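A short write-up of the structure that comes next.
Predicted, not measured: the structure shown is a model, and the values here were computed from it.
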Amino acid sequence: MRHSFPVLALGVAVLTLAGCESAQQPVAPDTLVAIKAAAAPDMNAGAADPLWARARALTAPVADGANFGAKPGEKGDTKVTLKAAYTADTLYLLIQYADPTYSVRRGPYQKQADGSWKKLVDPANKGGDDNIYYEDKWAMIWPIDNSVKAWDKEGCAALCHLEQGKPYGNKYTSKEGEIADMWHAKGQRSVPFGLVDDQYADHTRYDPKASPNAGRKSDPGNPGGDYTAIPLANGKPQFMGRDGKAANRGGTYYVKRGDEVPFDDSKFQPGDEVASYIANPLQGDRADIRVAQTYANGQYTVVVSRKLVTGSKFDVQFKDLGARYGFGFAAFDNAQVRHATTDDPLYLVFAK
C-alpha cells in the first residue's frame, strides 16, 4: 500500500541543469552537494523526477531510535539517503529512509464494547514520551550563521541535554546568541497540509513551569498551536471529521481545521477509532517549508522545498552559495521523542 500527501501547488517545469558536472567532483563523505537546476522538480513525482538521477546521493546512518529494532518497541537503526538541488531562489531536498511501520494512530479515541469512548495511550508514558500511539516524524536541524560553536565536533549532540526532568532530555544551545533552525515534519499534523513545521532552538534552559520545552520553540505564525485537542463531552468526542468515517475504516487520525462537525455516535461501532485532535494549518514564518511525502514498501520518500533566503531571523539563510552549511537528521518511528539521529555532523554545499 502506498500512502501519500501532495505538496501545495508550486508550479512545475521541464528540468534542465546548469553546472551539474561539478556534482561529480570528489567531495567529503559527510557533504551533500546541491546541483544547480534551471527549473523546479515535480515534488509530487518523488524520486522519479529526472533531476534526482543526476544528483549525488549522501547516505548516513541514523541510530538508536525507538521502534527501529527487530521487534516492536526495540531501539534500532536506519539509514537516510539525501539528494539536493537548487534553482535561482529555492532549495530542494530528496530524502529517503527505511521505516518498518507506517504509524498514524496518534492518541486516538476508541469505542469500547460498552459504548463508552477511551483515549489510547502508551501505558509506559510518564509525560511526553508515547512510543505506541503516535505518528511517524522526521526532523532536520541547521545551525544559523555557524553560531553553534560545538557543531563541527558534536553535531546534533551539541544541542541535546539528557535528564533534566524529562525522559529523553531537552534541546537548547550552549550560549546566548547560538541558534539553530529546526525543520519538524509531523506525519499526521503538518504533512497532510503539505508543510513541515518550521521551528528553532535557542539557549533557553529547562524549567518545568517557565520553559518546559527549554530551547525548542516554534517560529511565529500559529499563536494557537498546530493542533487543538478534541475533548470528551458527555463521555463522547465533541467533534468528528465531516466524512463521518472511523480512522481505522477509511478515515484519518486527524481532523483538518474547518472539517470538524458535531460528533454522531451512531456512526461508530465498538473497536472504531477516531481522531483526538484538530490539525491547524501552519501560517506565517512557521509555514516556510513545503513537502510532498509518500510511504511505500517500508520506505519514506520525501521532497522538500524552501526559499534560499526567507529573511527570518529564525531560519538558516542560504544566501552565500559558496559557504558550507551544517545540518543533522533525525527519524521518529511511532515515537514522540525517542528519535534515531545522525551521530556526526553533515554539511550542505552548492555546486556552481
With ring-ring contact (aromatic ring centres under 6.0 Å, His included) as the criterion, how do F327 and W183 come out once you've worked through the C-alpha distance, each side chain's angles and the decisive distance to 0.1 Å? CA-CA 11 Å; F327 72 91; W183 301 2; 9.1 Å; no
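- Other residues, nucleotides and ligands contribute more than 12 heavy atoms inside 6.0 Å of the NZ atom of K256.
- Minimum heavy-atom separation, M140 to L82: CE-CD2, 4.2 Å.
- Of the options F318, Y347, Y325, a ring pair (Phe, Tyr, Trp, His ring centres under 6.0 Å) to W142 is made by F318 and by none of the others.
- Of the possible donor and acceptor atoms, one in the side chain of K111 sits under 3.5 Å from a partner among the backbone N and O of F268.
- Hydrophobic clustering keeps I230 apart from V121 (ILVMFWY residues linked when any side-chain heavy atoms are closer than 4.5 Å, directly or through intermediates).
- For the pair W117 and G235, the tightest heavy-atom approach, listed with the atom from each and the gap, is CB-O, 3.7 Å.
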Check the pair F263 / F239 against ring-ring contact (aromatic ring centres under 6.0 Å, His included), numbers first and verdict last. CA-CA 5 Å; F263 195 77; F239 299 106; 9.6 Å; no
Between H203 and Y172, is a ring-ring contact (aromatic ring centres under 6.0 Å, His included) present by the stated rule, with each step listed? CA-CA 5 Å; H203 70 289; Y172 56 84; 9.1 Å; no
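- Closest of all the heavy-atom pairs between S305 and T90 is CB-CG2, 4.0 Å.
- Between the side chain of R106 and the backbone N or O of N334 there is no donor-acceptor pair closer than 3.5 Å.
- Across all their heavy atoms, G241 and V261 have their closest contact at O-CG2, 3.8 Å.
- Between the side chains of D197 and S190, no donor N or O sits under 3.5 Å from an acceptor N or O.
- Hydrophobic clustering, with ILVMFWY side chains joined whenever heavy atoms are under 4.5 angstrom apart, groups I289 together with L346.
- Between the side chains of S147 and K175, no donor N or O sits under 3.5 Å from an acceptor N or O.
- Ring geometry for F329 versus W138: interplanar angle under 30°, hence parallel rather than tilted (30 to 60°).
- Counting non-hydrogen atoms of neighbouring residues, nucleotides and ligands closer than 6.0 angstrom, the CG atom of D145 reaches no more than 12 such neighbours.
- Heavy atoms of other residues, nucleotides or ligands lying less than 6.0 angstrom from CZ of F350 number more than 12.
- Cluster membership check: V148 does not share its hydrophobic cluster with I144, using side-chain heavy-atom separations under 4.5 Å among Ile, Leu, Val, Met, Phe, Trp and Tyr.
- In this structure, D264 places its CG atom where more than 12 heavy-atom neighbours from other residues, nucleotides or ligands lie under 6.0 Å away.
- Side chain of Q336 to backbone of D129: a donor-acceptor contact under 3.5 angstrom is found.
- Checking side-chain atoms of E154 against main-chain N and O of A150 turns up no donor-acceptor pair under 3.5 Å.
- Between the OH atom in Y86 and the NZ atom in K307 there is a gap of 15.5 Å [rounded to 0.5 Å].
- Counting non-hydrogen atoms of neighbouring residues, nucleotides and ligands closer than 6.0 angstrom, the NZ atom of K245 reaches no more than 12 such neighbours.
- Considering every non-hydrogen atom in both S312 and D285, the closest pair reads OG-OD2, 2.6 Å.
- Under a hydrophobic clustering in which Ile, Leu, Val, Met, Phe, Trp and Tyr are joined whenever their side-chain heavy atoms come within less than 4.5 Å, directly or via other members, Y134 and F68 fall into different clusters.
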Start with the C-alpha gap between H339 and Y168, add the side-chain angles, then the distance that decides, and say whether ring-ring contact (aromatic ring centres under 6.0 Å, His included) holds. CA-CA 9 Å; H339 51 285; Y168 209 63; 5.5 Å; yes
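- In this structure, V291 is not a member of the same hydrophobic cluster as F332, with clusters built from ILVMFWY side-chain heavy atoms closer than 4.5 Å.
- Within the 3.5 Å criterion, the main-chain N or O of A335 finds no donor-acceptor partner in the side chain of D130.
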Side chain to side chain contact (heavy atoms under 4.5 Å, CB included) for Y200 and D315? Distances and angles first, verdict last. CA-CA 8 Å; Y200 68 97; D315 295 342; over 6 Å; no
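- Formation of a donor-acceptor pair under 3.5 Å by the T101 side chain with backbone atoms of S103 is not found in this model.
- One distance of note links CG of L159 with CG of N170; it measures 11.5 Å at 0.5 Å rounding.
- Between the side chain of K83 and the backbone N or O of W52, at least one donor-acceptor pair lies under 3.5 Å.
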Kindly indicate, with the supporting measurements, whether the criterion side-chain hydrogen bond (donor to acceptor under 3.5 Å, both in side chains) is fulfilled by R257 and N280. CA-CA 5 Å; R257 173 64 65 190; N280 302 319; 3.0 Å; yes
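- Side-chain atoms of Q317 come within 3.5 Å of backbone N or O of G311 as a donor-acceptor pair.
- Under the 4.0 Å criterion applied to side-chain N and carboxylate O atoms, D226 and R189 are assigned as salt-bridge partners.
- For D207, the CG atom is densely surrounded, since the number of other residues' heavy atoms within 6.0 Å is greater than 12.
- Side chain of E135 to backbone of Q188: a donor-acceptor contact under 3.5 angstrom is found.
- Taking both residues in full, the closest heavy atoms of P237 and V274 are given as CG-CG2, 4.0 Å, listed atom of the first, atom of the second, then distance.
- Side-chain atoms of D198 do not come within 3.5 Å of backbone N or O of H184 as any donor-acceptor pair.
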Go through the steps for R105 and E273 under the test salt bridge (charged side-chain N to carboxylate O under 4.0 Å, His left out), then give the verdict. CA-CA 9 Å; R105 299 169 71 201; E273 298 174 4; 2.6 Å; yes
